[in-house]
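What you see is a predicted model, and the numbers here were worked out from it, not measured in a lab.
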Amino acid sequence: MTYNKENLSLAMTGNQNAFSQIYEEIHSDLYRMALYMCGNPGMAEDIVSETILDAYKGIHNLKDAENFEAWIMKILSAKVKRSFKKNYNSFSVHNPMARSLDDTELSSPDHSERGIFRTDILQAMISLKSIDRIIISLCVIQEYTSEEAARILSMKASSLRSRLNRGLKKLKTELEENGYE
């Protein structure tokens, strides 16, 4: 995640323009993360909006600018978890009960190889528990270390690494079953 550190300092003191600049710089990263966590574009947009709103309301409480990324990712993760609980009974890619792409809200008109592979990855993610999707998204997509991701999710780093390894193995198995090596 790339953002202007000076704008962050200004935003922490209540500067609205500085916060707007930070929003512009991190919006796409937050959206990509939310999309990989929940698998639904509309839901990801809602989650990012709620995350930004909470961040705006609470940025003055942020004590150390160095913790900004972990702080905002923790807000995003909490929003995703809350959304999972709220939407658990509906069939969508964020629902661990969904078992096929037909059960999901995800559909892509992009039939290119990249679009098909992306769809296959999202479909393979269906087989994972929601916490494992979040862990994979943080560690693989956003490239957080296990210690950073564990701090964001308030769990032990060793537990996170175990879940990450099991989740990646299951994801690999699912993709191999779809013909990817």
Side-chain angles (χ1 to χ4, degrees), residues 1-4 7-8 11-12 15-62 67-112 114-144 148-149 152-154 167 171:
M1 195 177 295
T2 305
Y3 54 91
N4 184 308
N7 281 340
L8 179 58
M12 289 171 66
N15 186 313
Q16 294 176 351
N17 290 332
F19 189 86
S20 294
Q21 287 294 88
I22 291 172
Y23 168 75
E24 290 297 323
E25 294 168 341
I26 67 171
H27 177 268
S28 61
D29 289 334
L30 291 176
Y31 175 76
R32 184 173 51 248
M33 189 66 187
L35 181 61
Y36 277 101
M37 286 180 176
C38 69
N40 179 295
M43 188 176 173
E45 288 174 11
D46 290 344
I47 288 168
V48 170
S49 295
E50 291 174 17
T51 299
I52 293 297
L53 183 61
D54 282 3
Y56 178 73
K57 289 177 182 176
I59 196 154
H60 64 278
N61 295 325
L62 182 62
N67 294 331
F68 175 71
E69 284 185 49
W71 176 74
I72 200 154
M73 291 307 295
K74 193 164 196 163
I75 294 170
L76 182 81
S77 295
K79 296 290 179 191
V80 169
K81 286 179 187 177
R82 192 170 298 123
S83 186
F84 283 152
K85 286 180 184 175
K86 184 174 103 180
N87 295 308
Y88 185 77
N89 291 324
S90 64
F91 282 105
S92 62
V93 80
H94 62 271
N95 181 352
M97 293 174 62
R99 290 293 169 229
S100 74
L101 197 55
D102 295 335
D103 292 339
T104 70
E105 296 171 7
L106 178 69
S107 61
S108 173
D110 180 8
H111 296 293
S112 68
R114 184 172 180 229
I116 292 169
F117 181 67
R118 180 181 168 274
T119 302
D120 287 344
I121 289 174
L122 289 174
Q123 186 176 7
M125 294 279 280
I126 292 169
S127 65
L128 303 176
K129 293 181 179 180
S130 62
I131 187 66
D132 295 334
R133 291 181 207 161
I134 293 169
I135 290 169
I136 289 172
S137 297
L138 285 171
C139 294
V140 177
I141 309 300
Q142 290 294 323
E143 299 178 349
Y144 282 97
E148 292 168 332
I152 290 168
L153 298 172
S154 302
L171 192 60

Fill in: Reported CD1-to-OG distance for the pair Ile135 and Ser77, which is rounded to 0.5 angstrom
10.0 Å

Response to the item:
Here the gap from Arg133 atom CZ to Tyr36 atom OH, rounded to the nearest 0.5 Å, amounts to 14.0 Å

Item to complete: State, with a plain yes or no, whether a side-chain heavy atom of Met73 is found less than 4.5 Å away from one of Leu30.
Response: yes

Worksheet item: Quick one: CD1 on Ile26 to CE on Met33, what's the gap to the nearest 0.5 Å?
Response: 13.0 Å

Response to the item:
Here the pair of heavy atoms bringing Ala34 nearest to Ile47 is CB-CG2, 4.2 Å

Response to the item:
Sorted by chain and number, sequence neighbours left out, side-chain contact (heavy atoms from CB on, under 4.5 Å) with Glu148 holds for Tyr144, Thr145, Arg151

Discussion item. Holding to side-chain contact (heavy atoms from CB on, under 4.5 Å), I want the full list of residues that pass it with Phe19, two or more places apart in sequence or in another chain.
Written reply: Ala11, Ile52, Ala55, Tyr56, Ile59

Fill in: Closest contact, heavy atoms only, Met12 versus Leu62
CE-O, 2.9 Å

Worksheet item: For the residue pair Trp71 and Phe68, does the interplanar ring angle fall in the parallel (under 30°), tilted (30 to 60°) or perpendicular (over 60°) class?
Response: tilted

Item to complete: Specify the closest pair of heavy atoms between Val140 and Glu143, including all atoms of both residues, with the distance to one decimal.
Response: O-CG, 3.8 Å

Item to complete: Would you mind listing every salt bridge (Lys or Arg N to Asp or Glu O under 4.0 Å) that reaches into residues 15-24, with sequence neighbours excluded?
Response: none

Practice prompt. Indicate yes or no: at least one non-hydrogen side-chain atom of Gln21 is less than 4.5 angstrom from one of Asn17.
Written response: no

Discussion item. Going by salt bridge (Lys or Arg N to Asp or Glu O under 4.0 Å), name the residues that satisfy it together with Asp46, two or more places apart in sequence or in a different chain.
Written reply: none

Worksheet item: Could you state the interatomic distance from NZ (Lys81) to CE (Met37), rounded to the nearest 0.5 Å?
Response: 9.0 Å

Discussion item. Quick check for you: to the nearest 0.5 Å, what is the distance between Lys74 atom NZ and Asp54 atom CG?
Written reply: 14.0 Å

Item to complete: Could I get the full list of side-chain hydrogen bond (donor to acceptor under 3.5 Å, both in side chains) partners for Asn7, not counting sequence neighbours?
Response: none

Practice prompt. Report the distance from atom OG of Ser20 to atom CD of Glu25, rounding to the nearest 0.5 Å.
Written response: 11.0 Å

Worksheet, complete the sentence: Sorted by chain and number, sequence neighbours left out, side-chain hydrogen bond (donor to acceptor under 3.5 Å, both in side chains) with Thr2 holds for none

Discussion item. Quick check: do Leu153 and Ile131 have side-chain heavy atoms less than 4.5 Å from each other?
Written reply: yes

